Student: 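My questions all concern the structure below.
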Amino acid sequence: MHSMFADLMNRLLGKAPQPDPQGDYRRSLAALLVRCARIDDDYAPAERARIDRILISRYGLTESQAAELRAEGEALEQEAGDTVHLTKAIKDGVPYEERGAIVEALWQVALADADRDHAENAFLRLVVKLLGINDVDSGLARQRAQQRLSG
C-alpha cells in the first residue's frame, strides 16, 4: 500500500501519471502550513483557522473544501518525514514570486496564536532557505503577514 506522500512524490517526480499537479502543490502547501503550526507542539485553533483562511483566499475554496484540504495536509505532514520533502515539490513547481507569498502565509500561521516561538522562527528560517527565498524577500513577507494580522 502506498502512502499519500509516496503517491504525491511519484506524481511530482514524474514516476506516475500527473492527473492534478496543481492539487499536489496545494496538498504540499497545506502540509507545510500544518507543520509550521505544529512545530511548537501547540496546534492551536487559531492556527487551524488561519490555515483554512489562507487556503480559502489562495485557492478560492469554500470553508468545507479548505477544511478538507487542511485535513489532507495534516495527513501528508505526518507521513512526509523531513521538511525538505515538503518544500522540494513547491520549490520545483512554483515560481519564485509565488514562493514569497507562501513564506508570507507561513508567517501568518506562525504569528496566528500571538505566541512567536523559537521553534517557529527556526522552522521558518529553514523553509525560507529550502524554498530559495532571499533574506530581503523573507523579511518583507514577514512584514506583510504582520500587517495582515494586525489590520
Side-chain angles (χ1 to χ4, degrees), residues 1-55 57-59 61 66-142 144-146 149:
M1 175 186 266
H2 282 99
S3 71
M4 184 187 309
F5 181 71
D7 290 342
L8 169 67
M9 290 308 292
N10 283 338
R11 283 195 305 277
L12 291 173
L13 298 175
K15 296 178 183 170
Q18 295 188 17
D20 186 12
Q22 181 63 30
D24 292 339
Y25 299 132
R26 289 178 180 193
R27 283 187 286 281
S28 292
L29 174 58
L32 201 55
L33 292 168
V34 167
R35 178 152 298 171
C36 182
R38 287 179 172 168
I39 202 75
D40 63 356
D41 295 322
D42 181 22
Y43 190 31
E47 292 169 320
R48 288 191 292 276
R50 175 58 56 184
I51 291 169
D52 287 356
R53 282 194 299 274
I54 289 166
L55 296 173
S57 171
R58 186 169 185 83
Y59 299 121
L61 303 176
E68 183 179 321
L69 181 54
R70 178 177 40 83
E72 290 176 18
E74 290 167 350
L76 181 58
E77 187 272 335
Q78 288 182 337
E79 293 177 10
D82 67 20
T83 303
V84 173
H85 289 96
L86 291 176
T87 57
K88 180 168 178 29
I90 294 169
K91 183 178 181 189
D92 291 348
V94 176
Y96 183 86
E97 300 76 29
E98 276 298 298
R99 290 182 302 207
I102 289 168
V103 171
E104 180 182 339
L106 288 163
W107 273 112
Q108 287 181 43
V109 171
L111 299 170
D113 62 2
D115 182 25
R116 193 161 155 196
D117 182 85
H118 174 71
E120 290 171 330
N121 289 335
F123 173 77
L124 277 156
R125 280 192 302 275
L126 171 66
V127 169
V128 163
K129 179 180 169 192
L130 292 172
L131 290 176
I133 303 297
N134 68 46
D135 291 340
V136 172
D137 288 341
S138 174
L140 292 171
R142 183 181 69 244
R144 287 191 306 270
Q146 288 171 320
L149 292 171

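It should be emphasised that the depicted structure is a prediction, and the values quoted were computed from it without experimental measurement.
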Student: Apply salt bridge (charged side-chain N to carboxylate O under 4.0 Å, His left out) to R48 and E74, showing your working.
Tutor: CA-CA 10 Å; R48 288 191 292 276; E74 290 167 350; 5.6 Å; no
Student: Taking A44's backbone N and O only, do any of them form a donor-acceptor pair with E47's side chain (distance below 3.5 Å, no angle check)?
Tutor: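 Checked: pair present.
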Student: So, R35 side chain and E77 main chain: donor-acceptor pair closer than 3.5 Å or not?
Tutor: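 Side chain of R35 to backbone of E77: a pair is present.
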Student: Counting distance only, does the side-chain N/O of T87 pair as donor-acceptor with the main-chain N or O of T83 below 3.5 Å?
Tutor: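 Checked: pair present.
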Student: Out of curiosity, I51 CD1 to R53 CZ, how far, rounded to the nearest 0.5 Å?
Tutor: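 The distance works out to 10.5 Å.
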Student: Side chains of V94 and L29: closer than 4.5 Å at any heavy-atom pair?
Tutor: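 The answer is no, as the side chains (C-beta and beyond) never meet within the 4.5 Å cut-off.
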Student: With side chains defined as the heavy atoms from C-beta onward, is the minimum distance between H85 and E79 less than 4.5 Å?
Tutor: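 H85 vs E79: side chains apart.
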Student: Show the nearest heavy-atom pair for residues V103 and A141, with the distance to one decimal.
Tutor: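 Heavy atoms of V103 and A141 come nearest at CG1-CB, 3.8 Å.
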Student: Hey, does R26 have a side-chain heavy atom less than 4.5 Å from the side chain of E72?
Tutor: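 A side-chain contact under 4.5 Å is absent here.
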Student: Could you state the interatomic distance from CG (L69) to CG (L33), rounded to the nearest 0.5 Å?
Tutor: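 These two atoms lie 9.0 Å from each other.
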Student: How far apart are the closest heavy atoms of A119 and I39, and which atoms are they?
Tutor: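 Shortest heavy-atom contact: CB-O, 3.9 Å.
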Student: Do Y25 and I102 come within less than 4.5 Å of each other through their side chains, counting heavy atoms only?
Tutor: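 Sidechains of I102 and Y25: no contact.
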Student: About how many Å separate SG of C36 and CG of L124, when rounded to the nearest 0.5 Å?
Tutor: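 One gets 4.5 Å once the value is rounded to the nearest 0.5 Å.
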Student: Identify the two heavy atoms, one from L149 and one from A112, that lie closest to each other, and give their separation to 0.1 Å.
Tutor: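 L149 and A112 have their closest heavy atoms at CD1-N, 4.2 Å.
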Student: Looking only at non-hydrogen atoms, find the nearest pair between K91 and L130 and report the distance.
Tutor: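 Heavy atoms of K91 and L130 come nearest at CD-O, 3.1 Å.
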Student: Tell me every residue that passes side-chain hydrogen bond (donor to acceptor under 3.5 Å, both in side chains) with R99, counting only those two or more places apart in sequence or in another chain.
Tutor: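 Result, side-chain hydrogen bond (donor to acceptor under 3.5 Å, both in side chains) vs R99: none returned.
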Student: Could you list the residues that satisfy side-chain contact (heavy atoms from CB on, under 4.5 Å) with D137, not counting sequence neighbours?
Tutor: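 In terms of side-chain contact (heavy atoms from CB on, under 4.5 Å), with neighbours along the sequence ignored, D137 is linked to Y96, I133, N134, L140.
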Student: Only distances under 3.5 Å count here; give the side-chain donor-acceptor pairs of residues 104-111 to other protein atoms, sequence neighbours excluded, each with its distance to 0.1 Å.
Tutor:
{"from": "E104", "atom 1": "OE1", "to": "R144", "atom 2": "NE", "distance (Å)": "2.8"}
{"from": "E104", "atom 1": "OE2", "to": "R148", "atom 2": "NE", "distance (Å)": "2.6"}
{"from": "Q108", "atom 1": "OE1", "to": "R50", "atom 2": "NH1", "distance (Å)": "3.3"}

Student: Please examine the side chains of V84 and L126, heavy atoms only from C-beta on, and report whether any two atoms are closer than 4.5 Å.
Tutor: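 No; the side chains remain at least 4.5 Å from each other.
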